[in-house]
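Each chain gets a letter, A, B and so on, in the order the sequences are listed, and its residues count up from 1. Note that the structure is a prediction, hence the values are computed from the model and not measured.
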Amino acid sequence: MMTFSLSFNGTEHRRPSRLGRVLEDRLPYLIVAPAILVLLLVGLFPLIYSLIVSFQRITMTDNDTSFAGLLNYAELFRDTRLWASLGHTAIITAIALPLELLIGFLMAQLFIDRMPGRQLFVALLVLPTVISPIVAGATWRLLFDVRFGPIGEILSFFAGEPIRILWTVNPAYVYPAIIICEVWQWSPFMFLLLLAALSNVDQSQLEAAEIDGASYLRVLRAIILPAIAPVIAVACLIRGLDLVRIFDIIWALTEGGPGSMTETISLYTYVQGFSQFETSYTAAISFLVIALLTLITTLVLKRMEIAR
Amino acid sequence: MRLMKLPTRKGRVLVLRYIGAGVVTLLFLFPVYWLFMISFKTPDEIYHVPPLWMPGQIQFSNYYVLFKDGDVMAILNSLIVAGVSSAIAIILGTLCAYSLARFGTGGENLAMWIISQRMIPPIAVVFPIFLIYVYFGLVDGYFGLIVLYTAFNLPYVIWMMRGYIVDVPLELEESALVDGLNRWQVIWKVVFPMVRPGLMATSVFTFVFAWNDFLFALVLTRTEVITFPVMLTHYFGGQSNFWAKIAAMSVLGTLPIFVAVTVMQRYLVRGISLGAVKG
């Protein structure tokens with residue numbers, strides 16, 4: 001660790017003013033303070049406020065701030081729509097995450113060796129990941145449209161007969177629709193991370209394995225996967241947390257419908273808070289969500305520790 | 001497939017890889033192409049059955065309508081909110097990161113607390129924030145959104161910049177201090193130029209995060225300061241020709257990001273992975 005006295009070594013001719021000295025001595029704390037202040041104000045304060053609200057009885061029609069004990073939290077267990085929304089979230093995450101990882105990995109394998117024009121391909125493939133999720137959702141709603149969307153047309157071409165699917169309305173197809181959109185937007189994210197990870201794999205090991213005539217699958221299992229495991233873990237953590245709070249894409253594609261079939265936990269929380277105005281209850285749901293996410297993060301991080 | 005580089009097959013493998021690359025790129029860019037094309041189509045062409053792969057002629061009336069109706073204000077609002085909040089987050093965050101990286105202020109605990117702030121799902125805080133904002137009259141104004149996006153981006157900036165600053169050789173700073181520069185001058189004249197590429201990349205991503213936010217903007221805007229993603233959802237279920245507006249608005253709203261990310265291409269990987277992979 002550096003000491004501040006360093007700054008005064010050999011500087012007798014330019015001694016800073018008293019204010020300057022105070023500013024410099026306290027500098028480590030001085031420059032941390034504004035950021036921490038903003039985080040406390042916008043991050044922590046609402047959480048504490050929300051915690052208090054979750055123990056009260058506030059609704060749209062009734063600003064009843066009396067202490068409700070664990071009433072709101074007990075209500076969570078009886079709320080079937082809440083558990084259904086958690087189920088929907090789990091389904092989407094459980095299918096989309098491995099798919100994104102797999103497709104991202106295959107894409108990375110395709111582009112791992114240098115070839116002319118590779119940079120251009122990579123630049124183009126990044127596009128889905130950086131556009132707004134709401135634009136992604138809107139775009140796929142447009143593509144899936146049963147009458148003038150191109151997907152029906154393309155499927156009909158390959159099937160040789162007219163195929164007309166009500167993607168966002170038909171219960172059988174609404175999850176595939178969401179997952180296709182989700183996978184389209186985020187596989188490139190996995191691709192970028194895995195491409196970087198794969199190019200850091202020890203070349204001499206790969207060459208040695210090649211000379212030994214090892215099969216690709218064996219090399220994958222023995223060399224490549226262990227080498228990129230930490231990156232896979234981080235990528236899954238980042239994407240996993242994002243998927244658990246999925247909101248935008250579903251809002252644009254299905255708005256939670258048909259019925260509440262694709263209502264995820266974020267959508268349900270939104271409905272409770274901003275359509276039903278169940279203020280205190282929404283606060284309780286928020287803490288359930290935070291608890292779940294903390295649990296997932298801790299578990300994943302634990303596993304990563306073990307892997308290391 | 002790195003391992004199949006046998007000389008006799010080399011050329012054939014390369015051809016196959018280009019075909020694969022082409023197919024993959026086509027698949028992933030087709031939705032963008034479609035959106036782009038819709039934005040140039042007339043209503044008749046948009047609602048044509050079967051769908052038309054190309055507009056008859058490139059016409060800009062869908063864009064013109066957005067300008068005429070003042071809908072582009074949403075883009076302007078997004079630019080203001082995302083731009084200002086990114087600038088503030090970058091300044092506050094980089095200073096904070098310097099302190100964490102060089103003085104270890106607050107130790108690992110503070111660093112972990114900061115990054116854990118990023119893990120909190122927006123949906124969990126948006127409701128209490130909404131209540132607080134209503135109380136202070138901050139709903140539907142620039143200030144409220146800017147504060148929120150600044151806070152939202154700070155953990156990211158701090159975490160990224162800490163990584164970049166740690167990579168700056170300590171000796172450079174020490175010799176500058178010996179030469180009589182004070183700490184502020186060291187930060188400005190020695191550290192800043194060294195981390196500038198990282199700073200640029202981080203700025204781009206803070207901008208993109210703020211730009212893409214939908215949930216906060218949906219809850220905290222009404223009529224005055226609607227941002228571009230919220231504007232898009234206002235078209236859904238609208239009267240007649242809403243796809244034309246959605247497409248044109250989407251293209252306008254994606255343009256700034258496209259430009260920023262293309263310029264920052266080299267730093268993409270580290271930017272999106274919270275510094276997990278040094279790309």
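There is no contact between B:F209 and chain A, counting heavy-atom distances below 4.5 Å. Neither the backbone nor the side chain of B:I91 comes within contact range of chain A; no heavy atoms are under 4.5 Å apart. Contacts of B:L131 with chain A are made by side-chain atoms alone, with heavy-atom separations under 4.5 Å and no backbone atom involved. With a threshold of 4.5 angstrom between heavy atoms, B:V157 does not approach chain A through any atom at all. Of the atoms belonging to B:T25, heavy atoms from both backbone and side chain fall under 4.5 Å from chain A. Contacts of B:V208 with chain A are made by side-chain atoms alone, with heavy-atom separations under 4.5 Å and no backbone atom involved. Contact of B:F152 with chain A is not made at all, since no heavy-atom distance falls under 4.5 Å. Contact of A:V126 with chain B is made through the side chain alone, with heavy-atom distances under 4.5 Å. Only the side chain of B:I38 comes within less than 4.5 Å of a heavy atom in chain A; its backbone stays farther off. For chain A, the nearby parts of B:L148 are the backbone and the side chain; heavy atoms of each come within less than 4.5 Å. Both the backbone and the side chain of B:I120 come within contact range of chain A, each with at least one heavy atom under 4.5 Å from a heavy atom of that chain. With a 4.5 angstrom heavy-atom cutoff, B:L27 touches chain A only via backbone atoms.
Relative orientation of the B:Y47 and A:F148 rings is perpendicular, given thresholds of 30° and 60° on the angle between their planes.
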request  = Output, in order, the C-alpha distance, side-chain angles, deciding distance and verdict of side-chain contact (heavy atoms from CB on, under 4.5 Å) for A:V42 and B:I129.
outcome  = CA-CA 8 Å; A:V42 187; B:I129 285 175; 4.2 Å; yes
Worked verdict on B:F28 versus A:I103 for side-chain contact (heavy atoms from CB on, under 4.5 Å) = CA-CA 12 Å; B:F28 275 88; A:I103 295 173; 4.2 Å; yes
task = Report the C-alpha distance between B:L218 and A:F274 in whole Å, list the side-chain angles of each, state the deciding distance to 0.1 Å, and finish with yes or no for side-chain contact (heavy atoms from CB on, under 4.5 Å).
result = CA-CA 11 Å; B:L218 176 72; A:F274 295 98; over 6 Å; no
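When each of A:I151, A:T129, A:V130, A:L47 is checked for heavy-atom pairs under 4.5 Å with chain B, A:V130 comes out on top. When each of A:T297, A:L143, A:D145 is scored by its heavy-atom pairs under 4.5 Å with chain B, the top score falls to A:L143.
Heavy-atom neighbours of B:F36 CZ from other residues, nucleotides or ligands within 6.0 Å: at or below the threshold of 12. Residue A:R218 places its CZ atom among 12 or fewer non-hydrogen atoms of other residues, nucleotides or ligands, all under 6.0 Å distant.
Closest approach of B:R183 to A:L27, counting heavy atoms only: CG-CD2, 3.4 Å.
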